[in-house]
Amino acid sequence: MTTPTGGDASRPSGKRIELTIRALILGCLLAVVFTAANTYLGLKVGLTFASAIPAAVISMSLLRAFKGSTIWENMTVQTVASVGGAMSSIIFVLPGLVMIGWWMNFHFWESFAICALGGILGVTFSIPLRRTLVTKGDLPYPEGVAAAEVLKVGSPGEGQTEEAVRENKSGLWIVIGGAIASAFFGYLAAAKVFAEQTAAFFKLPAALGGGATGFGFSMQFALLGAGHLIGLAVGLTQLLGLILAWLVFVPVLTSQGFMDWSAAHGLASVASTVPAGSSAQDLAMAVWSKEVRFIGAGVIGVAAIWTLAKLAGPLVSGLASAFAAQDKRSHGEALDLTEQDIPIKTVGLLSLVSLVGIAILLALFAQGTSLAGQSVLLVVGGLAYVVVVGFAVAAICGYMAGLIGSSNSPVSGVGILAILASSLLMLGVLAISGVPADPSVIAFALVVTSVVFAVAVISNDNLQDLKTGQLVEATPWRQQTALIVGVGAGALVIPFVLDMMNQAFGFEGGPPAIVSGAQPLAAPQATLISALAKGVISGDLRWDLIGVGGLIGVVIILIDIAVRKASNGRYSVPPLAAGIGVYLPAYVTTMLVIGAVCGWLYERAIASTRFAAVGRRMGVLLASGLIVGESLFGVLTAAVIVGSRNEAPFALIGEGGAWPAMWAGLIAFAALTLALYRWTLKRSAKV
């Protein structure tokens, strides 16, 4: 037997080297790293990055030291690592339990159970879809195909070229170099040698309404890397959201004219509640956090639902044609190695065990609350909801991943629809039982949604991995086993990271952080989803502001349609990115935009060279390294803060030198950014 690249695929005994202990161990270690990094990044900016390609590069470099490693063994490592990283997207929902005040910290076993049980269902629900959406479907699976090409180029084998070996080694060094550089800069910022961010606020002249506004800038390499990965179209659209937030909404809502108009019409105005004589910063931040962010939430909600609606037609027709074309297989038919899934009886047993675990979780969650008397109804209804909606979500997310890639798949839209549906169902329970709409009702809706969301994010990633496996002729049942191992690895890490970040920095609405005056973690999707749950159940949501955001979202959607049509699809204005630009803190969005521009300039610089394709891949690896390095240092910092109860454990310089630290940081950041991109370009040219 030979690999797709022509190399020997077996031991002398003829046993395929694929699902090995060393591959699972290495995959779990990488899953821990990428899950922690993605959790940190997602809480900061509401974005996560695909870890399949950097995991494959690291795997190929490390397993090369072992005799007899194969492309399939590298596939196993990549599968475990990527699904562990994908598991981190649960942070788009789970922090809501802290934000509504139900939890003071992240309970390990409940958090682990939500992630693990929902994740395993994501695997088992997507197994029956493999032949339909992967083998027989005609979906492009952009990330799965790209990962397969990386594996074919870099894995050991007789057909591997010397160029591929050099690219693999260079790629590993670029990931490591980017990670070390970003972590070291993060350390210098924590040591107070450099400022990590800066902001300026000011009052506008009376001729411009007399309101307040400001701008912010963050020197964080994780954000630079994330900006590189999201691309220029998304970055510039986020800039549009930033402009709307800080040059339109904040100045207008803080103006005296608006406050007078609001008072005359009996409308609530946050600006009017800010004490007279307050600073421009106090006024602008109060309005942005309590009003403008809800406008951004409205844009995000409409954009996410629109994205899902656009995919509804292709989804229905694609699934229907795929199922109609599926061959009827007779019982007992021998299957090729590349067509062997986990047996359906085992799939059913795993699903049943997971559902029993979810039933126990929901029953225990309801005990000791006002819902205890309705626990049977809630558990049965919750399980039915998870099965019906979960399987539908697995199909939808799997199809979206195949159509536009797992990183671009709008799983947050699934979360929005899931929380709206579960909250409405909880209202039905309240109407039947007469139970008051207290926080336990909102919390229960969030728990059920978290389980469904875990199904969504894992199925979103799984089918992408299975496509990679198909292209390199991996064994599906071994890959699916690796997926379950990856779910477990990710589920073990997430509660620890979430709890450390909660204690060290905090979430809006949650308990106070150890760091005095710390900016609470943005967690934009979790904030929106918890606000929707509270709004539906308790009726106190600012629907007027969300409605304004929704109208703006519709306008941006129309602009996007017009731009795509005028450019024949070459350019776009992604509406979801505009909403995130309004919603995120200005210092975060600014750096994401700069990262997107840097990535675009880098790709322009290499576009006409012979190594353009290699250079683009190396750029992705550099960005991934930048994210991983700073994110892991951020997690370490949170752990040290929590352990030492010291809000600045690495400080070498005291407070007071803000402007020198800012300029020193700015110069060092710009110089290091230029040096890293030049280094990446030179290494690409040598491949």
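If you read the sequence from its start, that first residue is 1, and numbering goes on from there. Only a predicted model underlies this, so the values are computations on that prediction, with no experimental measurement involved. The basis for the numbers below is simple: all heavy atoms, side chains too, and nothing from hydrogens, waters or symmetry mates.
Of the possible donor and acceptor atoms, one in the side chain of T213 sits under 3.5 Å from a partner among the backbone N and O of W246. Proximity of a side-chain donor or acceptor of T590 to a complementary backbone N or O of G216 within less than 3.5 Å is detected. A donor-acceptor pair under 3.5 Å links the side-chain atoms of T254 to the main chain of A212, judged by distance alone. In this structure a side-chain-to-backbone donor-acceptor pair under 3.5 Å is missing from N105 to P511. Within the 3.5 Å criterion, the main-chain N or O of V270 finds a donor-acceptor partner in the side chain of E291. In this structure, S278 contributes its side chain and D282 its backbone to no donor-acceptor pair below 3.5 Å. Remark: side-chain polar atoms of E630 are paired, donor with acceptor, to backbone N or O of F221 under 3.5 angstrom.
In this structure, N502 CG and M500 CE are separated by 11.5 Å, a value rounded to the nearest 0.5 Å. Atoms CG and OG, from L253 and S272 in turn, are 11.0 Å apart once rounded to the nearest 0.5 Å. Residue L545 holds its CG atom at 13.5 Å from CZ of R293, rounded to the nearest 0.5 Å. Summarising the geometry, atom OH belonging to Y40 is positioned 14.0 Å from atom CG belonging to L498; distances are rounded to the nearest 0.5 Å. Note that the OG atom of S111 and the CD1 atom of I91 stand 13.0 Å from one another [nearest 0.5 Å]. Rounded to the nearest 0.5 angstrom, I114 CD1 and L97 CG are separated by 6.5 Å.
Side-chain atoms of F365 and S440, non-hydrogen and from C-beta on, never get closer than 4.5 Å to each other. Between V452 and Y385 there is a side-chain heavy-atom pair separated by less than 4.5 Å. Side-chain contact between I559 and V555 is present, with heavy atoms from C-beta onward closer than 4.5 Å. Side chains of L229 and I627 form a contact here, defined as non-hydrogen atoms less than 4.5 Å apart. In this structure the side chain of H228 never reaches within 4.5 angstrom of the side chain of L224, judged on heavy atoms. A 4.5 Å side-chain heavy-atom check between V597 and L232 finds at least one atom pair inside the cut-off. Residues M426 and F444 are in side-chain contact: their nearest non-hydrogen atoms beyond the backbone lie under 4.5 Å apart. Using a 4.5 Å heavy-atom threshold, the side chains of I90 and V457 count as separate.
Nearest heavy-atom pair across A271 and V287 is CB-CG2, 3.9 Å. Listed here is the closest heavy atom pair of I537 and A445: CD1-CB, 4.4 Å. Closest approach of S530 to L446, counting heavy atoms only: CA-CD2, 4.3 Å. Heavy-atom minimum distance, F249 versus V292: CB-CG2, 3.8 Å. Listed here is the closest heavy atom pair of S88 and N38: OG-CB, 3.0 Å. Scanning both residues, A596 and G235, for their nearest heavy atoms gives CB-CA, 3.9 Å.
With sequence neighbours left out, the ring pair (Phe, Tyr, Trp, His ring centres under 6.0 Å) criterion links W103 to H107. Annotation: ring pair (Phe, Tyr, Trp, His ring centres under 6.0 Å) contacts of F201 (sequence neighbours excluded): none.
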Original post:
Between L378 and L362, is a side chain to side chain contact (heavy atoms under 4.5 Å, CB included) present by the stated rule, with each step listed?
Top reply: CA-CA 8 Å; L378 289 171; L362 296 180; over 6 Å; no

Original post:
Given I556 and I552, is the side chain to side chain contact (heavy atoms under 4.5 Å, CB included) satisfied, shown in steps?
Top reply: CA-CA 6 Å; I556 295 173; I552 293 170; 3.9 Å; yes

**OP:** Check the pair T589 / L239 against side chain to side chain contact (heavy atoms under 4.5 Å, CB included), numbers first and verdict last.
**Re:** CA-CA 7 Å; T589 305; L239 178 61; over 6 Å; no

**OP:** Show your reasoning for whether side chain to side chain contact (heavy atoms under 4.5 Å, CB included) applies to F215 and F202.
**Re:** CA-CA 9 Å; F215 65 89; F202 47 89; 4.3 Å; yes

